[in-house]
Amino acid sequence: MATKQEIQQCITDCTNTANMLRTATNAIPKAAIRDMTTFGAVHIEMCIRQCEHAAEHAQ
């Protein structure tokens with residue numbers, strides 16, 4: 001079972017990844033592709049919220 005510290009490290013890693021994806025998205029010229037990468041970042045951020053909830057309940 002993951003410890004609270006391990007979950008927090010995963011949250012940090014995912015937050016960094018979402019931020020890097022959003023930064024990379026700004027350099028994409030095609031709107032449709034920007035939308036897809038933005039959706040990817042949003043999906044990662046939704047996962048982060050779920051992990052934060054799990055961390056609250058971890059031992």
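The model shown is predicted, which means the values in this text are computed figures rather than measured ones.
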TODO: For E56, look at atom CD and say whether over 12 heavy atoms of other residues, nucleotides or ligands are found less than 6.0 Å away.
DONE: yes
- [ ] Evaluate the side-chain contact (heavy atoms from CB on, under 4.5 Å) criterion for residues R22 and V42: first the C-alpha distance (whole Å), next the side-chain angles of each, then the deciding distance (0.1 Å), finally the verdict.
- [x] CA-CA 9 Å; R22 285 191 180 278; V42 169; 3.4 Å; yes
TODO: Output the distance between atom CD (E52) and atom SG (C14), rounded to the nearest 0.5 Å.
DONE: 10.5 Å
Task: Straight-line distance of I44 CD1 to N16 CG, nearest 0.5 Å - done: 11.0 Å
Task: Side-chain hydrophobic cluster, 4.5 Å single linkage: members besides I28 - done: I33, M36
Open item on the list: To the closest 0.5 Å, what do you measure between CD1 (I11) and CZ (R49)?
Closed with: 8.5 Å
Open item on the list: Suppose we screen for salt bridge (Lys or Arg N to Asp or Glu O under 4.0 Å). Which residues come up paired with R34, at least two apart in sequence or across chains?
Closed with: none
- [ ] Considering non-hydrogen atoms only, spot the tightest contact between A55 and K4 and give its length.
- [x] O-CE, 3.3 Å
- [ ] Return the set of residues passing side-chain hydrogen bond (donor to acceptor under 3.5 Å, both in side chains) with T37 (not counting sequence neighbours), or none when no residue passes.
- [x] T25
TODO: Quick one: pull up CG in D35 and NZ in K30 and give me the separation to the nearest 0.5 Å.
DONE: 13.0 Å
TODO: Taking the side chain as every heavy atom from C-beta outward, state whether I7 and T3 have any atom pair closer than 4.5 Å.
DONE: no
